[in-house]
Amino acid sequence: MRKVVRGFYAIAEAVRLSRPNVIAAYPITPQTEIVENLAEMYANGELGDTEYVTAESEFGAASMVLGASAAGARAFTATSSQGLLLMTEVLYNAAGMRLPIVLVVANRSVSAPLSIWNDIQDSISIRDAGIIQLYVESNQEAHDMIPLAFKVAENRDVLLPFMVCVDGFKLTHAYEPVDLLDQETVDKFLPPYEPVVKLDIEKPAALGCYAPPPYYMEFRVAMEMAMERAREVMLKEFEEWYRLTGRDWGGYVVAENCEDAEVVVVAMGSIVALIREVVKQMRKEGKKVGMLKIRTYRPFPHEEVRKALKNAQKVVVIDRALSIGAEPPLAADVKSALFGLSPEFHSVVMGLGGRDIPREQIEKLINDVLEGKAKPGKRFEGLYEFEEVIP
Amino acid sequence: MSKMKLYIGASNPAKTSQMKTGDWGTEWAYVDEEKCIACGQCVTFCPEPAVELVEKGGKKVAVVDHDYCKGCWVCYTVCPVEAIRMETKDIYKL
Amino acid sequence: MSLFGPGHGACPGCGFPIAVRGALEALDGKVIAVNSTGCLEIVSSMYGRNTWGVPYIHSLFENAGAVAAGIETALRALKRDKEAHVVVFAGDGATFDIGIGTLSGMMDRNHNVIYICYDNEAYQNTGNQQSMATPTGAATTTTPAGKVIPGKMGRKKDMISIAVAHGIPYVASASIAFPKDFQRKVKRAAEFEGAKYIQVHAPCVTGWGIDGKLTVEVARLAVETGLYPLVEYENGKLVRVRKIKDRKPVEEYLKLQRRFRHLFKHPKGKEIIEELQRVADENARRYGLDA
Amino acid sequence: MGILIEVRFHGRGGQGAVTAADLLAVAGFKDGYYTLSFPMFGAEKRGTPVVSFLRVSDEPIVIRDEVKNPDYVVVMDPSLIDVVDVLAGIKENGMLIVNYPKGADELREKLNTDVKVYTINATKMATEILGRPITNTAMVGALVGATEIIRIESVEEAIMEFFENKEIAEKNVQLVRKAYEYMKEVCG
């Protein structure tokens, strides 16, 4: 059913339809409205058998979700920014324990300086935890990917946490038409959760053991293997989603106009939609440009990226996060996928801390690269001239 | 080497009984069955647990399992009738 | 199969296994055990060498309260809440210090969990570093008895009162020297719906500098001197205390342990011993310990 | 590299296997060698089998992996013979020195090995001198007596530095010297 809703409602509604057993919540801007919406549903008796519980911190919320999942429950939480960083220790732990929890990250920059506005530094910072990370470009995609996240995470070939990354404010607070799923469709797609191991008095087992040197490495490599298997599982589920809803979100990447493109722009998240528009327009003008949307940042789609970019003479990677002291994260990963190929490489950082990225900026960026006016390498776009003062 | 079995998410059910920690200490506890009144204090307090009450010759007595007795003296100290003695293991005897 | 052990890796004469087994037996093994990082976890949960005969989970040092809350919530959601008691076993470091936030959350929301803190009065797993449960004057590796400063300064945190202040239905202190009393308290706790907090004093042979021979004796003396009062609160009211006949001077307790040995020669030692005696006297007055 | 001697110590948590290796590292340093001692890190409790290592060389030691092929293996607790593979990886011309009351012949037969095996009743020696069966210094003395890798005087100096309590230090010096003399005699 198509309805004009806020992004956070579209997310909350998809969570409700996924029939989680436990939701643990702690507020943080700009995620707060997601758990507020769920709280309202809970208060109105619309969450069925779902238990909704407020935590004393994000750390507590993540820990409750971990405990619930270990007990055999389908469990959900959402957070942003500092909240995600506060959860980090638990999330690494949950991934190592192979608990298929799902969380939504309403992407927000991290402090200091304090900023409630959007970039993706928060989720990028825990890319190594063993959590599947999927970045969406619209509220429709966010809505659709939540049942899928549960299904992939809970697949016995995967058993890893799944993080749906949604740009804070830009998506979460946008009010727009979304095709809302119905219960029947979601139930058809997402079966009830059958845990592989759970805390069960009939079959006592120890979860969260400690592993001395003869075991530890194998457990971590097993996570790597699971992440590899997740690739296949996810592709299958993307296809099934398309069959069921008629909405095709593509695979790990969406490559548009890349085959003959001289310049390809690579990006993740809501900015992709803007880039798509600009690329379409420039194509009409006869310019050979293309775009590559990265959907899953972990597992990273090396082969797909390489395939999409193999003909490009120039590659522009847009990062909305830093890895201070090294290359920006997405640029580094794209480069590693291109090893052995040597297109002209532009690593562009923009939009940190909610700095707006206007259409003209993207157009100019692509035109400059196309016309050879931009120097390859790393640069910051939309940055004001400033002088650092150390008093 | 045979392939290691890695149970994802969980360790096996109780397995430590295979760990014979009775070799840790230099002494073992022994029960004087004549004196033992089967009060169960040693059973309650044994941290391992390595003591249980067993039916022997028509009476219940405490029996120490030396596979797990670490020789800590706790049972010795709680026995109300001095029925437990600690003995140095042969290998440590001077 | 026993509920806990044998074959675990605790030091000979360790106090807490007595409490762990006692609690599991008191609840007939109908327990889902949640354990914070610490000695108990290290000696019982090595991969492939699980000591527990009940379902068991260890996540982190500071989140046992929240993990237990999550489990309890899940069991309710899955209509499995009659299956077992959710019981936390956490050390004093995990309880008094780093995990007090998640414990407070668990108590505040009144989750149906029995939280058992085995109190060995320092971070013993990592080799006797002070916690907020370390008593005044005790030498630990982070509060050593130096020429100037004689061990830990400041008092032991009153977690019992903190638990009571949360308004939870049942709070008690216990000691491994009185296992029947401890087991009764665990059973009593299980009768209440909501969050329960039991703190059980459990000597650490290495950290306290005692032999296994003294484990029970030292624990008993802590109670008999008034330093570790055994009390019981139901719905916020003090309902029972273990009375002491001829309360002993604190020196009798202190002199047996290496961690307090310096107090008997340090220039400031006498002052500390007097302070500890005041703590014991205050406990006696506050709880009416003297028989 | 010139000389490199590698030693593995087996003990039980609380017996001082780590201190034994450390003592020799200091003593070896006093003799002008480069030394390195380190424990196999773990969560060992009192009584658990533990392992520590020592390397002695005339050149700087940069390798930090566990000693897999020791020249000498020192076993500080007799009961370990039944639970640990004490001979694991030992060099063909290596030497095993064990705190074992029943004598070397019986132990050699039990282990069914061609490696040189020497025994000493360190428990007895330690109990007589220290009043407690802490065998680490005795076993250090035994190793030095059997191998002369380090001067016994340096070991004694190291002990005096290690123990704060002078009385305990002196008793340990006495113990290390006794074990040293004993082992020198045994080995001829």
Side-chain angles (χ1 to χ4, degrees), chain A residues 19-24 26 47-57 59-75 77 87 89-90 92-94 96-97 99 101 192-193 195 197-212 214-216 218-219, chain C residues 1 3 29-35 37 41-86 88 99-109 111 113:
Chain A
R19 300 184 191 274
N21 305 106
V22 174
I23 296 168
Y26 189 81
L47 284 186
D49 291 335
T50 304
E51 288 291 337
Y52 176 98
V53 48
T54 53
E56 67 284 355
S57 68
F59 181 83
S63 299
M64 278 198 270
V65 164
L66 182 148
S69 184
R74 176 174 289 164
T77 188
M87 283 184 178
E89 191 192 6
V90 184
Y92 266 81
N93 193 249
M97 289 169 79
L99 297 172
I101 62 180
Y193 174 39
V197 197
K198 66 177 182 206
L199 294 165
D200 183 357
I201 199 87
E202 299 300 323
K203 274 163 73 184
L207 279 67
C209 57
Y210 90 90
Y215 295 107
Y216 180 86
E218 284 71 18
F219 275 103
Chain C
M1 187 168 59
L3 298 170
K30 273 186 65 176
V31 169
I32 290 176
V34 184
N35 189 193
T37 306
E41 172 257 330
I42 283 294
V43 305
S44 69
S45 76
M46 190 201 286
Y47 180 69
R49 287 180 178 179
N50 171 21
T51 296
W52 298 76
V54 298
Y56 166 93
I57 182 170
H58 156 251
S59 171
L60 298 170
F61 196 4
E62 70 279 37
N63 69 352
V67 170
I71 292 166
E72 187 269 340
T73 307
L75 295 183
R76 246 185 306 123
L78 297 165
K79 317 226 175 317
R80 282 169 49 203
D81 49 330
K82 297 284 169 275
E83 207 170 272
H85 303 279
V86 180
V88 174
I100 193 168
T102 56
L103 169 58
S104 177
M106 184 210 97
M107 294 195 291
D108 181 67
R109 292 184 300 268
H111 287 278
V113 171

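In this structure, chain A has no heavy atom under 4.5 Å from any part of C:Val86. Only the side chain of A:Val53 has a heavy atom closer than 4.5 Å to any heavy atom of chain C. When heavy atoms are compared at a cutoff of 4.5 Å, A:Glu89 approaches chain C by way of both its backbone and its side chain. Using a 4.5 Å cut-off between heavy atoms, C:Glu72 does not touch chain A at all.
With sequence neighbours left out, A:Arg19 forms a side-chain hydrogen bond (donor to acceptor under 3.5 Å, both in side chains) with A:Asp187. Residues satisfying the side-chain contact (heavy atoms from CB on, under 4.5 Å) test with A:Asp49, not counting sequence neighbours, are C:Lys79.
Comparing A:Asp200, A:Asn93, A:Asn21 by how many heavy-atom pairs each has under 4.5 Å with chain C, the most go to A:Asn93. Interface check for chain C: of the options A:Ser57, A:Ala73, A:Ala68, A:Gly60, the most heavy-atom pairs under 4.5 Å are formed by A:Ala68. Contact count versus chain C (heavy atoms, under 4.5 Å) is highest, among A:Phe59, A:Tyr215, A:Tyr216, A:Phe219, for A:Phe59.
Closest approach of C:Glu83 to A:Ile201, counting heavy atoms only: CG-CG2, 3.5 Å. Considering every non-hydrogen atom in both A:Ala55 and C:Arg109, the closest pair reads CA-NH1, 3.4 Å. Annotation for A:Met97 and C:His58: closest pair CE-O, 3.7 Å, computed over non-hydrogen atoms.
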Q. Checking side chain to side chain contact (heavy atoms under 4.5 Å, CB included) for the pair A:Val22/C:Arg76: CA distance, chi angles, key distance, verdict?
A. CA-CA 9 Å; A:Val22 174; C:Arg76 246 185 306 123; over 6 Å; no
Q: For A:Leu66 and C:Ile57, run side chain to side chain contact (heavy atoms under 4.5 Å, CB included): C-alpha distance rounded to whole Å, both residues' side-chain angles, the deciding distance at 0.1 Å, then the answer.
A: CA-CA 10 Å; A:Leu66 182 148; C:Ile57 182 170; 4.1 Å; yes
**Q.** Derivation of the side chain to side chain contact (heavy atoms under 4.5 Å, CB included) call for C:Asp108 and A:Glu56
**A.** CA-CA 9 Å; C:Asp108 181 67; A:Glu56 67 284 355; over 6 Å; no
**Q.** Stepwise side chain to side chain contact (heavy atoms under 4.5 Å, CB included) test for A:Tyr210 and C:Glu41
**A.** CA-CA 8 Å; A:Tyr210 90 90; C:Glu41 172 257 330; 3.6 Å; yes
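In this structure, CG on C:Asn35 lies 12.5 Å from CG on A:Leu207, to the nearest 0.5 angstrom. Note that the CG atom of C:Leu75 and the CD atom of A:Glu51 stand 11.0 Å from one another [nearest 0.5 Å]. Here A:Ser63 contributes atom OG and C:Leu60 contributes atom CG; the two are 6.0 Å apart, rounded to the nearest 0.5 Å. We find the CG-OH distance between C:Leu78 and A:Tyr193 to be 10.5 Å, quoted to the nearest 0.5 Å.
Checking side-chain atoms of C:Arg80 against main-chain N and O of A:Gly72 turns up no donor-acceptor pair under 3.5 Å.
Counting heavy atoms of neighbouring residues, nucleotides and ligands inside a 6.0 Å radius, atom CZ of A:Arg74 exceeds 12 of them.
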